[in-house]
*Asks:* 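Handing you this structure, nothing more for now.
Labels below follow one simple rule: chain letters A, B, ... track the order of the sequence lines, proteins then strands, and each chain is numbered from 1. When reading the values below, keep in mind they use all heavy atoms of this one structure, side chains included, and skip hydrogens, waters and symmetry mates.
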Amino acid sequence: MKDISKSVEKIDAKEKISGRMKYVSDYKMDDMLYAKTVRSTQCHAKIKAIHLPELPKGYYTVDYRDIPGENFVKMIFEDWPVFAEETVNYIGEPILLVVGKDKAVIQSIIRDITIDYEPLKPTFEYTKSEVHYHYTKGNPKPIFDKHNQHIEYTYKTGYQEQAYIEPQGFIAYLEGERIVLEGSIQAPYYVKNAVVNTMACEADAIRVIQTTVGGAFGGKEEFPSVMGCQLAVAVHKIKQPIKLIYEREEDMEVTTKRHPSKIVMTAAIDSNQKIAGLHARVALDGGAYVGLSSVVLSRAMIAATNAYTIDHLDIEGDVYRTHTVPNGAFRGFGAPQMIFAIEMFMHHIAHTLKIDPFAFRMNHLAKQGDLTSTSGTFRDPILMPEMIKKACDISNYHEKVKTYSDPKVRKGIGMSWFFHGCGFTGSGEAKHINAKVKLKKDDQDVVHLLIAAVDMGQGAKTTLMKVASHVLEIPLSQIRYANPDTDEVPDSGPTVASRTAMIVGGLVARASKQLKAKWAKGKEVVVYEQYQQPDYVKWDEETFTGDAYPAYSWGVNIVEVEVDKATYEVDVKKCWSVYDIGKSLDDLVVLGQADGGAAQGIAYGYLEVMNHKDGKIQQKNMTDYIIPTAVDMAQTETHFIENPFALGPYGAKGAGELTLVGGAPAVALAIEMAINKHITKIPVTPEFIMELMQNDDR
Amino acid sequence: MTTVKFTLNGKKVTLETDISRRFLDVLRNDLNQTGPKEGCGEGECGACAVLLDGHSVNSCLLPLAYVHNKEVMTIEGYAETERYKVLEEAFIHEGSVQCGICIPGMMIAAESLLNQNPNPSETSIRHSLSGNLCRCTGYNMIVKAIQRAAQRGKGLW
Amino acid sequence: MVKHYLPSSFQEALEIKHQEDVMLIAGGTDLMVQHRTWSELPPQFDKPLLFLFNLAELKYIKKDANTLYIGSMTDLETLLYHNDTPPCLKDIIALMASPAIRYVCTLAGNIVNASPAADSLLALYALDAKLVLTSLKEERIVSIESFITGPRQTIIKSNEIIKEIQLPHQPFNRVHFKKIGGRKSDAISKLAFLGLANVNQDHQIDTFRIVLNAVAPTLIRLHETERTVEGLSLEAFKHQKDALLEAYNTAIKPIDDQRSNRTYRRQAALNLIRQFIETL
Ligand SMILES: Cc1cc2nc3c(=O)[nH]c(=O)nc-3n(C[C@H](O)[C@H](O)[C@H](O)COP(=O)(O)OP(=O)(O)OC[C@H]3O[C@@H](n4cnc5c(N)ncnc54)[C@H](O)[C@@H]3O)c2cc1C
Ligand code: FES
Ligand code: FES
């Protein structure tokens, strides 16, 4: 049989290249109305009064009083209102929608709305903890008492905006009594479940259909549920189709971003100059509402030891509430912050101990059979030594380290090691998601993949169809995979957490096998599969003990930079990567993930600046929020080492997030070498480099 | 209302409308060309790019009046050309397409470049894409596709 | 709806401008951004627009023995690839916006928009550009520095249109341009630096220019300071380094904003000046 890794023409490439592919902003319907959101201009205030102008016929406002069910958006933590009621908690919080036919009229209505506020005292600091987690491994306390050489560093990371090129959007309409929502989303069933809760209706009263997604990166995981709920309420009230597409500035100011964080790391060093124990205190800025920040926090905490084995751990974390835009899912999901911290910390310990960072890290590298941070087991082979060697060889790493360590040379090379747990954290897959897939062969012998997984560009359609095609031994042209529609597909879970290839793909492979066995030419055959947690995976949610993930993908990134002496600007010269993603389901698809992930991960480390001033986002458009252009992006050289995972389809593990998480520490370490200063904060902007260089002590 | 005349994908168009309207809106709403997309509305992303007398422009910033007496080609029209086929093959071959929202704009930028310079260096390819943001691919696979198209399409540009 | 004008000759444009309070629009790359409202709605202007870019009469690049004449509707892509465009202006244009924007936008627009971060102004200031301001009855020629009086402020009169930009030919054998943006291309300047000098065969500095943007309300060029070094030998010039740096350090007044901060702007500006001086 053909090697599944060999690339095929991407399923949707032609339609996309030619501009024929329709995205939600291209949809139009008869009698369609437009909606625009009226938002809080205050970061924390009581709403004393809302003065509405008289509305022309055919124009409406929709607010919390129109909600039939509960006024919160059902996600993990139930605190995020669909519409603000008495108080507002961040600038940009939605208060009401204005809906009508003519955008100009809507604009003028909005101009005439005045809202009286009574300002309340806002918080922007890490003071109000909403979620607190804590876990230990081994016996950290006695270890810290025994080894009294303690090294402590504090790391800080900033916002990152997903900056998908297609802004958020939906179109909603009635189909009889039912409400249909079509939108640019990653998780059709998240939207459906949230809307059912807000509308207090039966599950089958709501239908959610994914439109082709123009980029998501986590930004369309939970946030669309907010818009979906608002639109459902509006359609229920007005009974006409309504379209709601965010403007770029609106999208940048009010949608979820990567959590800023502060991470304090303390290590107890033993007499062999090894880390005997590690403390980590993780603080995430959750913004005004917790949403799914608690899950982001747990992924960050579990990544505390990254690709290293440390026997004694005491890891604590909090999500803090602040009066800023709520933060949420973004490719990597807590891991990028933590992996930045630990990778820098390993170097900073080595510098403090005056030993070679490379040897120090090698001494701690995790091996097959070691206990994970949560006392689970790394069951599968870990190929990191081989991967590290490869990465060093192709980049000439060790030579360059020698040359660039000369303080006069303003060049640097940085290497990060990292892993990413595939699938939902802990018992997420088994307890909360319980993914199902359905395959249907119709009487024309065409096979339909009926799954909720969304192709948001990462190539899920291509790879999952290939899995089915290989198992069934039929050509791709005999397989269909439409954008998920909750009327047609069972809940295979959201398209997040690097779970689609491995978990959903695994189910597709099993279902295909089943279908193959039941194949009856010219007859309709339907098969189902459901996720089963492997027996060996045990997880205790309360204590954070056991196997947090069924499998891990691994990676090495090496980044080379040069820092301009006069302007402190960073020039990224090249990026080398080696990954273990089990088995590639399509070489070009995974290469695309690698390049795109590197672009975002590296830019997170040195380029992308977003901050708020008294709760107001300062970089609120594409001019001010800088993402890399083709000129900024360095050449990449990427290799994949095969290490098939028994339970993944053809051995595949996750690849989507892995490729982002190592970028920031690699570039930060490179800059650190170039300027010969410790870096404890990202993004490492020219402004920050200047500050560091003016401080003479290392 | 002023009358504006131009050619769109080889066909003559005459419009009577507010000539300060964004050309992007005219294309998408009045002329049913939805290949150009709105990614930012402020000239940064290039998703709205179209060819004006053979050069890429951002239709989100272009007042309709600007195209008066000019030749416009959208991705829909470009898709009918020989040159398009070469670029299409290259984009597929190099795996350059992910979410796709930036891709019609990338095609327009590539055409505009090759039209000016059939043998571009890697550096000039990168600079020619500087007004086209892609958040998915990290650009390298797009740059390679344009290199491939330049090679394989020799004589076409 | 306001009525907009699409004149077919410069004369007609001048007449309209004479009779009515209209807003001039060239490429629109500043105006269409500044006046945008909600996608699908026309931009919001409180005056009628007078569209200039279709005027072929204003699209030209000509020269005589002393001067280069640039018609005000010449787009930046044309300038970028034209043989007669001064090298320093080419360097600058190559890093302005993107090819698609450059194909429609103009020097006139960059000038009248009068942003402290405008890039082309570096060259126009350094090269002593002159502007031809035309109205129905009159024509006057003013220097670029007297034209711009503050951020977004100029001395243009309500009936005037910039017809032409004139650049006197001046030889420079040292050109150093550096733009610092948030990224390597398509970025608004955090600050930008242009240093020009002509060093003659006797190693004397004939002419010396430094212009900076985004470090003060308008671009910085210090004529007095330039004069203090012109005529000096390179040897003598190097001794003036500290005095020069001090002069610029006093003149610049950078601010904090969403793109950068004042400390960085000042430091980077001084570093670039030092670098230029040291490499002369
Ligand atoms: C994505 C993007 C990137 C950009 N990057 C840069 C950059 O890197 N560097 C930079 O400096 N700028 C940049 N700009 C700003 C802009 O492109 C420039 O200022 C451009 O030169 C403006 O020219 P225009 O013809 O488009 O001006 P318009 O928007 O048409 O006009 C600007 C102003 O000039 C007036 N005006 C125009 N023509 C005349 C005339 N003949 N007589 C009198 N008044 C006139 C108008 O009334 C208006 O006030 C960028 C803009 C965008 C959208
Ligand atoms: S939509 Fe026109 S450049 Fe982004
Ligand atoms: S492919 Fe998604 S933005 Fe380019």
*Asks:* Please determine whether the number of non-hydrogen atoms from other residues, nucleotides or ligands lying under 6.0 Å from atom NZ of B:K5 exceeds 12.
*Replies:*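 Not buried by this count: 12 neighbours or fewer within 6.0 Å.
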*Asks:* What is the minimum heavy-atom distance between C:P43 and B:S20, and which atoms define it?
*Replies:*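 So the minimum-distance heavy-atom pair works out to CD-O, 3.1 Å.
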*Asks:* Please classify the contact between C:R102 and chain B as side chain, backbone, both or neither, with a heavy-atom cut-off of under 4.5 Å.
*Replies:*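 For C:R102, neither part sits under 4.5 Å from chain B.
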*Asks:* Between B:G131 and C:D186, what is the shortest heavy-atom contact and its length?
*Replies:*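 Answer, listing the atom of B:G131 first, then C:D186: CA-OD2, 3.7 Å.
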*Asks:* Quick one: pull up CG in B:L129 and OG in C:S98 and give me the separation to the nearest 0.5 Å.
*Replies:*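 B:L129 atom CG to C:S98 atom OG measures 10.5 Å (nearest 0.5 Å).
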*Asks:* Taking heavy atoms only and a threshold strictly under 4.5 Å, list by residue number the residues of residues 16-41 of chain C that touch chain B; give 'none' if the list is empty.
*Replies:*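 Residues of residues 16-41 of chain C touching chain B at under 4.5 Å: C:I25, C:A26, C:G27, C:G28, C:T29, C:M32, C:V33, C:R36, C:S39, C:E40, C:L41.
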*Asks:* At a heavy-atom separation under 4.5 Å, does C:F51 approach chain B through its side chain, its backbone, both, or neither?
*Replies:*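 C:F51 touches chain B through side-chain heavy atoms alone.
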*Asks:* Once rounded to the nearest 0.5 Å, what's the spacing between atom OG1 of B:T2 and atom NE2 of C:H4?
*Replies:*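 The distance works out to 8.0 Å.
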*Asks:* Which residues from residues 50-63 of chain B are near chain C, with near meaning under 4.5 Å between non-hydrogen atoms?
*Replies:*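 Result: B:L52, B:D53, B:H55, B:S56, B:V57, B:N58, B:L61, B:L62, B:P63.
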*Asks:* At a heavy-atom separation under 4.5 Å, does C:A187 approach chain B through its side chain, its backbone, both, or neither?
*Replies:*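 No part of it gets close to chain B.
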*Asks:* If we only count heavy atoms from C-beta on, is the C:F53 to B:Y66 side-chain gap below 4.5 Å?
*Replies:*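 Contact flag for C:F53/B:Y66 side chains = yes.
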*Asks:* Which bit of B:A65 is near chain C, if near means a heavy-atom gap under 4.5 Å: side chain, backbone, both or neither?
*Replies:*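 It is both, since atoms from each part get that close.
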*Asks:* Heavy atoms, side chains only, cut-off 4.5 Å: are C:P99 and B:S112 in contact?
*Replies:*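 No, their side chains stay 4.5 Å or more apart.
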*Asks:* Determine whether more than 12 heavy atoms belonging to other residues, nucleotides or ligands lie under 6.0 Å from atom NZ of C:K47.
*Replies:*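 For C:K47, atom NZ is crowded (more than 12 foreign heavy atoms under 6.0 Å).
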*Asks:* Counting C-beta onward and ignoring hydrogens, is there a side-chain heavy-atom pair between B:Q116 and C:E77 closer than 4.5 Å?
*Replies:*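 Yes, at least one pair of side-chain atoms sits under 4.5 Å.
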*Asks:* Between B:E42 and chain C, which part of the residue has a heavy atom less than 4.5 Å away: side chain, backbone, both or neither?
*Replies:*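 Both parts, backbone and side chain.
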